[in-house]
K.L.:
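Sending over a structure as structure tokens; questions will come in a sec.
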Amino acid sequence: MQRIGDQIAEIITLHGGTRSEAQRRAVDLLDMVGVPQPATRARQFPHQFSGGMCQRAMIAMAMANRPQLLIADEPTTAVDVSVQAQLFDLLRTAKQDTGAAVLLITHDMGVVAENADRVCVMYAGRVVESGPVDDVFTQPAHPYTRALLNCVPRLDRDVDGALAAIPGGPPDPMAERRGCAFAPRCPQRQGRELCGSEIPVLLGMPTSPGKPQRTAACHFSTEPPVSMEPDEGAAPSRAGEVPPDDEPLLEVTQLVKRFAIRKGVLSRTVGEVHAVDDISFTIRRGETLGLVGESGCGKSTTSRLLLRLVEPTSGDIRIGSVEVATAGRRSLTAVRQRVQMVFQDPLASLNPRWSVGENAAEPLRLRGDVSRSERMARVHELFERVGLLPAHSGRLPHEFSGGQRQRVAIARALITDPELVLLDEPVSALDVSVQAQVLNLLADLKRERQLSYLFVSHDLSVVRHISDRVAVMYLGKIVEIGPKRTMFTAPRHPYTRALLASVPVPETGRARTGAPLQGEVPSPTDPPTGCRFRTRCPRAEDVCAEVEPPLNDVGGTAVACHFPVLEPWDQTIAGADRTGDTTMPSDANVMTTGGPRHAH
Amino acid sequence: MRTELLRRFLTDRWSVVALAFLLAMLLSSLLNGSLTGFEATATSSDTLIGPSPVHWLGSDELGRDSASRLMFGARSSLLVAAGSALAAALVGVPLGVLAGYFGRAVDAIAMRIIDVILAVPTVLVALVFIAALGPSTTNMIIAIASASAPQFARLARAGTLEIRERDFVLAERAMGAGHLTIMVRVVLPNILAPLIVQFVVTAAGAIVVAAGLSFLGLGIPPPEPTWGGMLQQAKAYMYQSPWYGIFPGVVLTLTVIALDRIGASLRRAMGSTQDLGRASASAPGRGAT
């Protein structure tokens with residue numbers, strides 16, 4: 001435990017300089033990285049800093065001795081998109097000020113497209129492709145790069161039908177390797193011997209004069225690209241789906257949850273966290289509602305409230321004909337059979353002492369009217385459906401990869417034939433390549449079984465891909481709710497716009513539409529009066545502080561704003577002030593890996 | 001995983017030896033006298049002799065065969081050990097799980113009671129019980145169990161507090177499971193490892209306490225042979241026949257060491273299988289933001 005200022009000063013004094021001088025410079029550095037009240041903040045401890053502020057302090061530390069090379073290893077993986085956008089702006093200015101080169105390590109293709117000059121793609125410990133970002137993104141030479149670019153859902157457009165998921169999973173780093181590591185998952189291979197026997201060398205490729213060199217490690221990089229086959233049995237198109245009927249399956253009315261903050265021996269309530277504050281929404285049969293927002297906005301609490309895993313403070317929840325909020329034990333148990341949940345981290349949500357088969361059969365076992373052999377038969381049937389080998393049902397969860405475990409969790413959620421599945425960040429802990437497989441599976445299952453989903457996620461691209469309607473939450477309130485199409489093409493709430501503008505799109509030569517969010521989310525213990533977004537809103541006026549805006553219908557979506565944005569939203573037009581600014585001007589190299597390295 | 005556990009346990013040679021020793025002890029205690037040719041309570045004229053071909057470990061002041069008495073004494077020692085550890089677990093574990101699972105008032109009350117019991121040494125608690133209830137095997141088990149139950153409760157509570165917050169417990173609730181089902185089927189199996197180790201440790205401690213109580217004359221009343229009782233009687237003949245007191249002491253020590261060894265080995269075996277499950281659990285995935 002050391003004060004932030006001292007930590008930065010220590011790095012400065014390591015390379016010479018007096019203590020007091022270093023302290024002064026530490027404060028300057030904090031000011032430079034945009035920490036408000038730097039002199040006060042320098043005397044605080046890391047736990048008093050928010051995630052974004054911590055990362056700013058880390059950047060200040062990294063810049064302290066004017067380095068020539070700055071290595072940023074997944075610098076924004078644990079922060080919200082709005083903070084991510086701010087951090088990259090900061091990194092860009094820091095780089096310009098010091099003239100340092102940046103090595104940016106990330107799994108996010110959007111971040112690469114927006115920030116890097118050159119990119120270097122890695123797979124299973126080897127560089128498979130490198131070159132200028134423009135070239136690599138427009139004409140990827142390695143099949144892995146192509147697959148990686150195609151498998152992520154897009155924020156800026158709808159993907160028709162299934163995502164082009166990369167089959168299988170990353171290779172076992174312990175296994176002995178012969179030939180190209182990507183060969184077992186590669187569409188370009190087409191059964192050729194060479195890929196399985198000889199490791200391809202990183203070879204230079206023709207580039208236009210004056211541009212940095214391009215290389216690729218593929219035996220067949222000069223061939224016309226073979227695209228990834230979509231998953232077998234995948235939907236031809238999402239458009240031709242069964243139209244959701246009009247009867248709402250879930251109806252939430254004025255739902256409120258406040259957590260009391262207790263202190264002292266007598267557990268006096270000293271304050272309240274306004275986790276969910278007066279929200280209402282419906283989900284119809286066969287519909288997917290996406291629930292998005294930054295961390296701490298109350299989206300996970302909302303999903304837990306629906307099954308009364310957290311007791312609501314007030315409000316009504318109706319599922320089918322059951323009033324969940326006031327239901328007795330028996331009807332609550334019945335509701336919990338009809339509505340199932342899938343959690344973010346499948347390893348944490350599966351009982352480590354039970355085999356995956358037992359885990360998946362658990363909801364049926366709890367129902368108590370199905371014999372053991374029938375339960376196992378159902379599990380095997382479902383395992384086959386979700387892409388697991390029924391023969392593996394006796395294994396323990398830790399023997400599986402992240403994607404496989406999430407399939408187990410999905411099988412468990414479906415075993416009682418529920419009507420509604422609550423998905424709480426179901427793909428956030430997965431590799432991008434595996435994420436596409438799971439999203440495809442969810443989409444297929446929904447169509448087959450007429451399921452309704454509540455899809456809670458912080459990832460706007462994923463929500464756009466999977467949802468029919470979308471609700472945006474901010475500090476416990478729904479600020480905008482409406483059909484997907486209008487939400488992503490004509491958002492009305494300034495928050496929605498800013499949130500969308502914060503997401504980097506994996507395409508080069510593009511600028512963000514509008515400005516990303518500034519500042520940080522205020523504390524939910526003491527939310528702003530009136531409109532909660534007003535403290536960060538560019539359109540805020542006096543009335544916003546006094547009157548809380550109700551949800552009003554504006555052109556198809558319901559918006560809680562006194563001054564909804566009516567100007568058209570065109571993502572292809574670059575924001576005027578940011579055009580020349582979107583790529584880092586000097587030399588920034590990027591390494592891309594398929595995802596978090598520990599996910600398997 | 002269970003076979004994996006066994007394999008890990010068996011890789012420790014000394015714990016295998018310890019287990020074999022305990023099993024041999026258990027077996028010999030069931031064969032009253034048929035191994036040595038003397039019944040445990042049969043007297044003879046060969047009093048207070050040292051080890052000899054007839055009386056392998058010598059005899060006592062009434063000419064009873066020490067080896068037979070030691071073997072027979074194992075019966076009460078092991079019974080008290082297993083009985084009191086089991087009783088302590090049966091009381092302590094449910095209390096701890098309840099306290100940890102429900103928290104708040106339940107937790108506060110249960111834990112204060114336990115703190116009070118923990119503040120008093122085991123032997124003292126046992127003494128009070130025996131003094132009030134009179135000496136017998138059952139009372140000895142009750143006495144030791146009531147003094148050891150708090151440790152089980154503490155361990156169970158600590159484990160429950162950790163497990164309770166995990167997603168799979170929440171998932172179980174979301175599937176419609178009641179609190180009792182969750183505590184018995186989900187929480188308990190996941191906190192079992194430290195409890196099993198505690199079971200073995202408590203058993204070893206119980207043997208020592210039981211011997212101590214017998215030594216003070218508060219144990220199982222004669223003529224039934226006990227190790228502690230033998231030690232007490234041997235005290236009077238320490239100079240005439242030192243062997244009389246040495247053998248019960250050695251057997252007692254070896255038994256406690258064996259149990260301790262098994263406990264340590266179990267702890268290691270279970271610790272590492274848990275790590276196996278947790279290693280991947282703690283791997284940082286991309287967090288929800």
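In what follows, chains are A, B, ... by sequence order, proteins preceding strands, each numbered from 1.
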K.L.:
Working to the nearest 0.5 Å, report the span between CE of B:M175 and CG of A:L307.
P.N.:
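Here the rounded value is 11.0 Å.
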
K.L.:
Does the side-chain hydrogen bond (donor to acceptor under 3.5 Å, both in side chains) test come out yes or no for A:S82 and A:E294, once each step is laid out?
P.N.:
CA-CA 8 Å; A:S82 64; A:E294 292 173 277; 2.4 Å; yes

K.L.:
Any sub-3.5 Å donor-acceptor pair from A:Q406's side-chain atoms to A:F343's backbone N or O?
P.N.:
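Yes: the side chain of A:Q406 pairs with the backbone of A:F343.
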
K.L.:
Between A:R304 and chain B, with a heavy-atom cut-off of 4.5 Å, which part of the residue counts as in contact: side chain, backbone, both or neither?
P.N.:
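Looking at A:R304, just its side chain touches chain B.
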
K.L.:
What part of A:V335 gets within 4.5 angstrom of chain B, counting heavy atoms only: side chain, backbone, both, or neither?
P.N.:
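A:V335 has no heavy atom closer than 4.5 Å to chain B.
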
K.L.:
Sort out for me which of A:M341, A:E362, A:Q340 touches chain B most, counting heavy-atom pairs under 4.5 Å.
P.N.:
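Option with the greatest count: A:E362.
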
K.L.:
Just to verify, which of B:L78, B:L19, B:L22 counts as forming a side chain to side chain contact (heavy atoms under 4.5 Å, CB included) with B:L259?
P.N.:
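Result for side chain to side chain contact (heavy atoms under 4.5 Å, CB included) with B:L259: B:L22.
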
K.L.:
Between A:A413, A:P397, A:A348, which has the largest tally of heavy atom pairs under 4.5 Å with chain B?
P.N.:
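Sorted descending by pairs with chain B, the first entry is A:A348.
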
K.L.:
For a side chain to side chain contact (heavy atoms under 4.5 Å, CB included) with A:R336, tell me which candidate from A:T416, A:L366, A:L309 qualifies.
P.N.:
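Per the side chain to side chain contact (heavy atoms under 4.5 Å, CB included) rule, the option paired with A:R336 is A:L309, out of A:T416, A:L366, A:L309.
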
K.L.:
Using non-hydrogen atoms only, which part of A:R367 is less than 4.5 Å away from chain B: side chain, backbone, both, or neither?
P.N.:
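For A:R367, there is no contact with chain B at all, as no heavy atom is under 4.5 Å.
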
K.L.:
Is B:R104 close to chain A through its backbone or its side chain, or both, or neither, when contacts mean heavy atoms under 4.5 Å?
P.N.:
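For B:R104, the side chain is the part near chain A, not the backbone.
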
